[in-house]
Amino acid sequence: MKHLLKLLDVSEKEILEILNLADQLKYERKHGIPHRHLEGKSLGMIFQKASTRTRLSFETGMYQLGGQALFLSNRDLQIGRGEPVQDTARVMSRYLDGIMIRTFAQQEVEDLAKYGTIPVINGLTDFCHPCQILADLMTVREKKGSFAGLKACFIGDGNNMANSLIVGCLKVGMKFSIACPDGYRPDSRVLDFAKDYGDKFTLTDNVLEAAADADVVITDVWASMGQEDEKAKREAAFKGYQVNDGVMKAARGDAMVLHCLPAHREEEITAKVFEEHADEIFEEAENRLHAQKAVMVKLMKD
Ligand code: CP
Ligand code: NVA
C-alpha cells in the first residue's frame, strides 16, 4: 500500500492492519508509551476546504509520532493561483515525506499520487472520506467487539461519507443498508462495487426499512462543503431523512450512532439522539487521531 486515495483501492487485510495498529497506538498513548515512528519526517497538509478534526488530528498525530506537519492553505499556496498539480506534486516530493490533501475533485488527489513520489493521503474529496471511515470502523469494533454479523445503516445524502462507508463496511464483512432520496444516491462506482455483495447491500428511499435491526446507525449533513448554494433545495429533498427516535426504534435496542461531524441538530439528526449517543460520536472523533497515525506509520515509516 503506497497511498490512501480511496477505500476501493485498499484490501480488507490492509484495513484490518491499519485498525490493529490504530488500537495499539491508542493503547500506547493512553499509557504514556512513546511511539516516535516518524522522527524527522514532514507531512504537508493541503486544505482547499475547511476542517477542524482532520487538521487537528493529523497535525497533533504527526507531532506525537516525532515528525512535523505543515498546514498549507489553498489561499497561500501557488496551487490556488493556478500552479498545476503535476508541478506541485513534484516539488513537494523533494521536501516532504508525505502529503495529506482535502479538496473537491478526487482526480486532483489521484494526480498528486501519480506525479509525486511520496505517499498521498486523502483527507476528504467530494467522492470519499477514507480516513473518517477507518476511524468509524475502529469505533464500531471497539464497541461491538467484531464486525461479524453486524448491520450498518446510513440515512441521508449519498455523499462522500456514504460512498466510503459502503465500501469500508462491506469490505470488513458488515451488512450495509442506505436510505436516500431519488437523485441523491451514492456514486455509480460504489454501487457497482456493492453489486458483488448481493443482499448484504441494500439501497432504498425508505428510512425505516434501512434502519431495521441495524447495529450501527450513521448519518451526515444534507449539504456538504461546496454545496452551500443548494441548502434550501436540499432541506426540502431530505425532509424525513433524519436520525430520530423513530429510526432508533427500528434499529436494534443496543444500536450505536455515528456522525463524522460537524452535525446539524434537528436536520439530519435530532438533538436528543445526538446527545444520547454523544459518547460514541466523540469517541469516533477521537479515533480520527489514532487511525490516521496508523495510516501515516504504515505509509511513511522507512
Ligand atoms: N469529520 C471531519 O472530517 O471533520 P472536519 O471537517 O472538521 O475535518
Ligand atoms: N459530507 C461532509 C463531510 C464533512 C466531514 C462534507 O463533505 O462537507
Side-chain angles (χ1 to χ4, degrees), residues 4-7 22 43 45-62 69 71-74 99-109 121-140 154-169 178-181 183-187 190 216 218-231 233-235 237-238 241-243 257-265 267-269 274 277-278 280-293 295-296:
L4 176 61
L5 308 180
K6 54 187 182 298
L7 289 181
L43 176 79
M45 307 188 299
I46 305 174
F47 280 95
Q48 312 225 29
K49 289 176 175 172
S51 168
T52 297
R53 282 145 288 270
T54 304
R55 178 182 176 178
L56 285 167
S57 51
F58 268 105
E59 198 162 322
T60 200
M62 197 57 192
F71 175 72
L72 308 164
S73 123
N74 194 33
I99 302 172
M100 193 287 302
I101 176 167
R102 164 168 288 198
T103 190
F104 295 87
Q106 178 69 19
Q107 193 57 48
E108 199 176 331
V109 180
I121 300 170
N122 183 341
L124 180 146
T125 61
D126 292 345
F127 174 61
C128 64
H129 197 1
C131 290
Q132 179 70 53
I133 277 55
L134 292 171
D136 293 5
L137 292 174
M138 180 181 177
T139 314
V140 169
F154 182 92
I155 310 294
D157 188 16
N159 62 11
N160 43 13
M161 277 298 298
N163 287 334
S164 287
L165 280 164
I166 292 168
V167 176
C169 291
I178 177 165
C180 46
Y184 295 95
R185 294 186 166 168
D187 192 278
V190 170
V216 188
I218 316 169
T219 188
D220 185 23
V221 291
W222 291 341
S224 286
M225 289 181 277
Q227 297 170 337
E228 289 78 10
D229 293 352
E230 300 174 26
K231 197 170 182 302
K233 187 179 123 198
R234 285 173 167 271
E235 272 173 22
F238 289 106
Y241 287 83
Q242 182 189 63
V243 173
V257 174
L258 295 178
H259 192 309
C260 66
L261 304 174
H264 292 77
R265 289 167 175 77
E267 290 185 18
E268 76 274 4
I269 188 166
F274 185 93
H277 292 272
E280 292 147 15
I281 292 168
F282 290 106
E283 196 71 34
E284 173 191 11
E286 177 184 325
N287 285 340
R288 291 291 303 276
L289 172 71
H290 311 298
Q292 285 158 199
K293 282 166 73 179
V295 170
M296 289 191 285

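Scope of the values below: all heavy atoms of this structure, side chains included, with no hydrogens, waters or symmetry mates. Counting starts at 1 for both ligands and their atoms, in listed order.
- To the nearest 0.5 Å, atom CE of residue Met296 and atom CE of residue Met100 are 9.5 Å apart.
- The backbone N or O of Ala162 sits less than 3.5 Å from a side-chain atom of Asn159, completing a donor-acceptor pair.
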Once you restrict both partners to nitrogen or oxygen, which atoms of ligand 2 have a protein partner under 3.5 Å, and how far apart are they?
unit_1   : atom_1 : unit_2 : atom_2 : d
ligand 2 : 1 (N)  : Asn159 : ND2    : 3.4
ligand 2 : 1 (N)  : Asn160 : OD1    : 2.8
ligand 2 : 1 (N)  : Asp220 : OD2    : 2.6
ligand 2 : 1 (N)  : Ser224 : OG     : 2.7
ligand 2 : 7 (O)  : Asn160 : ND2    : 2.8
ligand 2 : 7 (O)  : Ser224 : OG     : 3.4
ligand 2 : 8 (O)  : Met225 : N      : 2.8

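- Of all heavy-atom pairs between Cys128 and Ser164, the closest is CB-OG, 3.1 Å.
- Of the residues listed (Leu124, Leu72, Asn74), the one engaging Gln48 in a side chain to side chain contact (heavy atoms under 4.5 Å, CB included) is Asn74, and it is the only one.
- Arg55 meets the side-chain hydrogen bond (donor to acceptor under 3.5 Å, both in side chains) test with Glu59; sequence neighbours excluded.
- Scored by the side-chain hydrogen bond (donor to acceptor under 3.5 Å, both in side chains) test, Thr125 finds Gln106 as partners (sequence neighbours excluded).
- In this structure, the side chain of Glu268 engages the main chain of His264 through a donor-acceptor pair within 3.5 Å.
- Below 30°, between 30° and 60°, or above 60°: for Phe47 and Phe71 the angle between ring planes is between 30° and 60°, a tilted geometry.
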- request: Take Cys169 and Phe154 through the side-chain contact (heavy atoms from CB on, under 4.5 Å) test and state the conclusion after the steps.
  value: CA-CA 11 Å; Cys169 291; Phe154 182 92; over 6 Å; no

With the criterion set at N/O pairs under 3.5 Å, what does the list of contacts between the protein and ligand 1 look like, atom names and distances included?
unit_1   : atom_1 : unit_2 : atom_2 : d
ligand 1 : 1 (N)  : Gln132 : OE1    : 2.9
ligand 1 : 1 (N)  : Cys260 : O      : 2.9
ligand 1 : 1 (N)  : Leu261 : O      : 3.0
ligand 1 : 1 (N)  : Arg288 : NH1    : 3.3
ligand 1 : 3 (O)  : Thr54  : OG1    : 3.2
ligand 1 : 3 (O)  : Arg102 : NH2    : 2.9
ligand 1 : 3 (O)  : His129 : NE2    : 2.9
ligand 1 : 3 (O)  : Arg288 : NH1    : 3.0
ligand 1 : 4 (O)  : Arg53  : NE     : 2.8
ligand 1 : 6 (O)  : Arg102 : NH1    : 2.8
ligand 1 : 7 (O)  : Thr52  : N      : 2.6
ligand 1 : 7 (O)  : Arg53  : N      : 2.8
ligand 1 : 7 (O)  : Arg53  : NE     : 3.2
ligand 1 : 7 (O)  : Arg53  : NH2    : 3.0
ligand 1 : 8 (O)  : Ser51  : OG     : 2.7
ligand 1 : 8 (O)  : Arg53  : N      : 3.4
ligand 1 : 8 (O)  : Thr54  : N      : 2.8
ligand 1 : 8 (O)  : Thr54  : OG1    : 2.7
ligand 1 : 8 (O)  : Arg102 : NH1    : 3.4
ligand 1 : 8 (O)  : Arg102 : NH2    : 3.2

